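Nothing here was measured: the structure is a model prediction, and the numbers come from that model. Residue numbers begin at 1 in each chain, while the letters A, B, ... track the order of the sequences.
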There are 2 protein chains.
Amino acid sequence: MEKLTIGQLAKRAKVNLETIRYYERRGLIPEPPRSESGYRMYSRDAVARTEFIKRAQALGFSLREISEIFALRMEPETTCGDMKAKVEAKIEDIEQKIADLEQIREALVAMAEKCRGKGPIGECPILEALYKNNI
Amino acid sequence: MEKLTIGQLAKRAKVNLETIRYYERRGLIPEPPRSESGYRMYSRDAVARTEFIKRAQALGFSLREISEIFALRMEPETTCGDMKAKVEAKIEDIEQKIADLEQIREALVAMAEKCRGKGPIGECPILEALYKNNI
DNA sequence: CCTTGACCTGTACCAAGGTACAGGGTTTAT
DNA sequence: ATAAACCCTGTACCTTGGTACAGGTCAAGG
């Protein structure tokens, strides 16, 4: 089994080397065996695990949540339903964020529409809205 | 003209007292005149300004951007169009965030649908997708 | 008069997710 | 043989938007 140094792992997983050590400190990546001189020696699995973390992050999971997923996976009683529940909770989370942003967008669009875009800033309806209105 | 202490300002603008001092350090609120004993004495305008900051923040503007808006307002050549441009840039920004979240949502929904929600975690299609797929 | 509450400055700390050294040892390539 | 490139630990620093003291002064109520 070929072993990777931390630099090789970082390169393959396309993350910063310091990030690997950071994930180890956070418990996201297990402490690997060391070479005689104390170098971390990773198996191939570490690349997959690091990529897993990056994919989950890209889907909106925090590092804490990713830790929880790994922990879940290690418990023998865990079922697929538990994992599905996590994903469904995250979907709701994302949907809430989208709804919040839609509201913000509506308010911004309404403000922009009130402004002809000409004239001095002293009479800008946008600034007036920010100074006086409830949004 | 009635003057407010920092505590009174914080209460009326519904922010933490430390936040007022923080905004002063960031240059968002001008340094107010002091009483003989060195207390900050604010005019009514400070309440409106603090509320402006909070409203703009709620619309997705960062404190840095809010500073820029205040700076813009002080320059005599600034027109309403400059302000409108800021709002339109923010709308694009928000729309991009919404689009990103929609994509994430789609990916999560697709993953959840692959999972029947039963059986051991070892065969969970969600975990497999995170381990192997490009998303 | 004295206590309590409000204010002052300055600095440290928080979340989250890293990144960047310093100061040392090791491995690899020339 | 020696320089470059890599690794080690430990700690400090970054962003954004605050919050929380510590240690001291001041003001208002009973």
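- Not a single side-chain hydrogen bond (donor to acceptor under 3.5 Å, both in side chains) links B:Arg21 to another residue, sequence neighbours left out.
- Between B:Glu51 and B:Lys14, none of the side-chain N atoms (NZ, or NE/NH1/NH2) sits under 4.0 Å from a carboxylate O, so this pair counts as no salt bridge.
- For A:Asp82, the side-chain hydrogen bond (donor to acceptor under 3.5 Å, both in side chains) test picks out no residue, with sequence neighbours left out.
- Looking at residues two or more places apart in sequence or on another chain, you find a side-chain hydrogen bond (donor to acceptor under 3.5 Å, both in side chains) between A:Arg40 and A:Glu24.
- For DNA chain C, the span of nucleotides reached by chain A at under 4.0 Å from its heavy atoms goes, 5' to 3', from C:dG17 to C:dT27.
- Close to D:dT16, at under 4.0 Å from its OP1 or OP2, lies no side-chain N or O of B:Tyr22.
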Compile the donor-acceptor pairs under 3.5 Å between side chains in residues 97-105 of chain B and protein atoms, sequence neighbours left out, one pair per line.
| unit_1 | atom_1 | unit_2 | atom_2 | d |
| --- | --- | --- | --- | --- |
| B:Asp100 | OD1 | B:Gln96 | NE2 | 2.9 |
| B:Arg105 | NH1 | A:Glu95 | OE2 | 2.6 |

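- Here A:Lys90 pairs with A:Glu65 in a salt bridge; the nearest charged N to carboxylate O distance falls below 4.0 Å.
- Atom CZ in B:Arg26 sits about 10 Å away from atom C1' in D:dG18, given to the nearest Å.
- Identified under the ring-ring contact (aromatic ring centres under 6.0 Å, His included) test for residues 54-112 of chain B, with sequence neighbours left out: B:Phe52-B:Phe70.
- Pairs engaging residues 116-127 of chain A under the side chain to side chain donor-acceptor pair (under 3.5 Å) rule: none recorded [sequence neighbours left out].
- Side-chain contact of B:Lys54 with B:Gln57: a donor-acceptor pair under 3.5 Å is present, judged by distance alone.
- Residues B:Arg21 and B:Arg25 each lie close to DNA chain C; by heavy-atom proximity, the contact nearer the 5' end of the strand is made by B:Arg21.
- Using a 4.5 Å heavy-atom threshold, the side chains of B:Thr79 and A:Ile121 count as separate.
- Residues meeting the side-chain hydrogen bond (donor to acceptor under 3.5 Å, both in side chains) test with A:Ser35, sequence neighbours left out: A:Ser37.
- Scanning residues 33-41 of chain A for heavy-atom distances under 4.0 Å to DNA chain C yields A:Ser37, A:Tyr39.
- Taking a 4.0 Å limit (strictly below) on heavy-atom distances, residues 8-19 of chain B reaches DNA chain D at B:Asn16, B:Glu18, B:Thr19.
- Taking atom OH of B:Tyr23 as the reference point, atom P of D:dT16 lies 14 Å away to the nearest angstrom.
- The backbone N or O of B:Glu68 sits nowhere less than 3.5 Å from a side-chain atom of B:Arg73 that would complete a donor-acceptor pair.
- Residue B:Gln57 places none of its side-chain N or O atoms closer than 4.0 Å to OP1 or OP2 of D:dT16.
- Near-neighbour residues of DNA chain C inside residues 61-71 of chain A, defined by a heavy atom below 4.0 Å, number-ordered: A:Ser62, A:Leu63.
- A:Met41 forms part of a hydrophobic cluster together with A:Tyr39, judged by ILVMFWY side-chain heavy-atom separations under 4.5 Å.
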